[in-house]
Amino acid sequence: MSAVRLGEVTITRVVEIGRSSFPTTTMLPDSTPEGIAAHYHWLRPDFFDEAAGDLASRIQTYVVRTPRHTVLIDTCVGNEKTRTGAPAWHMRRGSYLDDLRAAGVTPEQVDIVVCTHLHVDHVGWNTRWIDGRWVPTFPNAKYVIAGEEWEFWKGESDAGREEYGCVADSVVPVVEAGQVTLVDSDHAIDPYLSLEPSPGHTPGHVCVRLRTAAGEAVFSGDLMHRTVQVAEPQWSSRFCHDPARARATRRDFVERHADSGVLILAAHFPRPGFIVRERGGRRFEPAPGAA
Ligand SMILES: [Zn+2]
């Protein structure tokens, strides 16, 4: 996307992977092809991948530059990580850091990294493989993680229940380097950015709210995976830890933001936009100029 300017803050993004490994009907087990197609009139063309014949999806990082800080929100899959069972994620040699540089940010310039939650596609670039070990990719950054999220995933990892090993290779090394700050789920990062609890997808999932003189935005992580969930918020994803709680959180989020003018930036949506009411329903509308 070209940079979005909101008052004194700019938002750009780095796309690591331009499509999903999972068809929408697999990602959202309660959905049906017919139920999704009923929304094609607004999903096409902005939120559709015609080549894949499915809703568009991204794995991406949002780069937020406030007058105080350069902030990364979610860090994708990462390079050289053993992700057996996920071919698109396994031992990657992607150009993410070059793409970040092209967006005007070197690893040294990153002040804060926020992980909305600790899933494999949100923590990968927290670390990189240097001289035989995983080290923090952003040497000067403070990594902000909700304490509740860390406690949950540390427990899963210690018990051998974390499928990909991403806690061990992408979170623990940053904790051991002393760069992680564990915070409450409503923590204020700076005068512009603050966390908001949005549990369900994972126990400690957070959104990141941006407030500027020119308006608000919210980075909603995996509260929604596919744009169609704006209209069908009862469809939780196959990766939701607590689908019923995720559903309640999503419904509340959609209602609170409908016709609010708040810019929504979801971790996997192909472009930012606004939730709008239309004929008793809800849909997503692309933000102008932010493709
Ligand atoms: Zn995700």
Side-chain angles (χ1 to χ4, degrees), residues 13-31 47 49 52 54-63 72-79 81 83 85-90 92 94 96 113-127 143-146 148-150 152-153 156-157 162-167 169-171 185 195-208 218-230 233 235-243 245-247 249-250 253 264-272 284:
R13 68 176 167 180
V14 175
V15 175
E16 185 191 48
I17 301 177
R19 56 179 294 185
S20 175
S21 305
F22 303 94
T24 298
T25 47
T26 305
M27 180 60 91
L28 308 175
D30 295 332
S31 73
F47 309 120
D49 180 342
D54 197 0
L55 304 190
S57 182
R58 306 277 185 270
I59 294 179
Q60 61 199 340
T61 291
Y62 290 108
V63 181
L72 304 187
I73 299 178
D74 289 329
T75 63
C76 304
V77 171
N79 273 6
K81 303 213 154 157
R83 299 293 181 246
W89 299 350
H90 183 61
R92 286 180 56 79
Y96 179 91
V113 176
V114 184
C115 296
T116 59
H117 62 297
L118 299 183
H119 273 168
V120 60
D121 52 328
H122 297 259
V123 300
W125 277 103
N126 282 1
T127 59
Y143 290 65
V144 173
I145 296 172
E148 186 179 357
E149 184 73 357
W150 162 247
F152 175 78
W153 286 107
E156 294 294 289
S157 180
E162 196 271 294
E163 182 179 358
Y164 292 104
C166 69
V167 173
D169 64 32
S170 303
V171 187
S185 295
L195 306 186
E196 292 180 359
S198 45
H201 181 61
T202 61
H205 186 285
V206 292
C207 294
V208 185
V218 59
F219 301 89
S220 57
D222 281 2
L223 187 141
M224 299 179 278
H225 281 78
R226 296 286 197 275
T227 40
V228 71
Q229 287 172 286
V230 171
W235 290 345
S236 281
S237 86
R238 60 182 291 176
F239 298 112
C240 286
H241 173 73
D242 182 341
R245 198 173 188 201
R247 188 175 297 131
T249 296
R250 196 176 312 107
F253 182 91
I264 309 295
L265 302 106
H268 301 305
F269 282 14
R271 54 189 294 174
F284 204 52

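What you see below is based on every heavy atom in this structure, not just the backbone, and it leaves out hydrogens, waters and symmetry mates. First listed ligand is number 1; within each ligand, the first listed atom is number 1.
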Q. Could D49 and R58 be called an ion pair, given the rule that one side-chain N must be under 4.0 Å from one carboxylate O?
A. no
Q) Only one of H119, E148, E149, H241 forms a side-chain hydrogen bond (donor to acceptor under 3.5 Å, both in side chains) with T202, so which one is it? A) E149
Q.
Let me check your reading of the structure: within less than 2.8 Å of the Zn ion (ligand 1), is there an N/O/S atom from D74?
A. no
Q) Do D74 and T116 get their side chains close enough for a donor-acceptor pair, meaning under 3.5 Å? A) yes
Q: Verify whether one side chain among D222 and H122 offers a donor that lies under 3.5 Å from an acceptor in the other.
A: yes
Q) Rounded to 10°, how big is the angle at the Zn ion (ligand 1) from D121 OD2 to H122 NE2? A) 100°
Q | Flag for R250-S236: side-chain donor and acceptor within less than 3.5 Å | A | yes
Q. Under 2.8 Å from the Zn ion (ligand 1), is there an N/O/S atom belonging to H117?
A. no
Q | the Zn ion (ligand 1) - closest N/O/S atom in D222 | A | OD2
Q. N/O/S atom of H268 under 2.8 Å from the Zn ion (ligand 1), yes or no?
A. yes
